[in-house]
Amino acid sequence: MKPQTQVKPSEGCSIALEALTSVHELVDTLQTYLLESGSIELEAKHDSFILALTERIKSECKGAQEVVMLVDAG
């Protein structure tokens, strides 16, 4: 059995915030690539679905980042 690593709440919040920021940036990069790439042509229904999905992921990340910051501040 592996020994468990103890993480302080502030360290956990910092790690979570960094991870959420990375996910947000990755989704933003993917969205930009898909929407601005001239070599990828999607049907309108797929294009709108991808846009909605990436916006939802970014929104969820932003909401989770706000929660992490509130927990860390409290």
Side-chain angles (χ1 to χ4, degrees):
M1 179 182 272
K2 288 183 172 182
Q4 291 187 348
T5 302
Q6 296 296 318
V7 177
K8 295 178 186 174
S10 62
E11 292 172 330
C13 287
S14 179
I15 292 166
L17 194 57
E18 285 181 36
L20 289 164
T21 300
S22 292
V23 170
H24 190 280
E25 290 172 356
L26 287 169
V27 170
D28 199 33
T29 301
L30 175 63
Q31 185 179 35
T32 301
Y33 175 77
L34 289 173
L35 296 177
E36 294 181 1
S37 177
S39 61
I40 299 174
E41 291 191 34
L42 300 172
E43 294 178 28
K45 66 181 180 179
H46 298 300
D47 189 41
S48 61
F49 175 78
I50 290 171
L51 179 60
L53 182 60
T54 54
E55 287 300 321
R56 176 70 187 265
I57 293 169
K58 290 192 298 186
S59 175
E60 292 291 331
C61 284
K62 191 169 223 49
Q65 287 171 322
E66 291 171 6
V67 170
V68 169
M69 287 187 281
L70 287 172
V71 169
D72 195 32

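Residues passing the side chain to side chain contact (heavy atoms under 4.5 Å, CB included) test with Ser59: none are found, sequence neighbours excluded.
The salt bridge (Lys or Arg N to Asp or Glu O under 4.0 Å) contacts involving residues 60-74 comprise Arg56-Glu60, where partners must be two or more places apart or lie in separate chains. Residues in residues 22-32 take part in these salt bridge (Lys or Arg N to Asp or Glu O under 4.0 Å) pairs, two or more places apart or across chains: Asp28-Lys58.
Expressed to the nearest 0.5 Å, how far CG of Leu30 lies from CD1 of Ile57 amounts to 8.0 Å.
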Under 3.5 Å, sequence neighbours excluded: what are the donor-acceptor pairs made by side chains of residues 44-51?
{"unit_1": "Ser48", "atom_1": "OG", "unit_2": "Ala44", "atom_2": "O", "d": "3.2"}
{"unit_1": "Ser48", "atom_1": "OG", "unit_2": "Lys45", "atom_2": "O", "d": "3.1"}

Per-pair distances, 0.1 Å, donor-acceptor, side chain in residues 15-24, under 3.5 Å, sequence neighbours excluded:
{"unit_1": "Thr21", "atom_1": "OG1", "unit_2": "Leu17", "atom_2": "O", "d": "2.8"}
{"unit_1": "Thr21", "atom_1": "OG1", "unit_2": "Gln65", "atom_2": "NE2", "d": "2.9"}
{"unit_1": "Ser22", "atom_1": "OG", "unit_2": "Glu18", "atom_2": "O", "d": "3.1"}

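Grouping Ile, Leu, Val, Met, Phe, Trp and Tyr residues whose side-chain heavy atoms lie under 4.5 Å apart, directly or via other members, places Val67 in a hydrophobic cluster with Val71.
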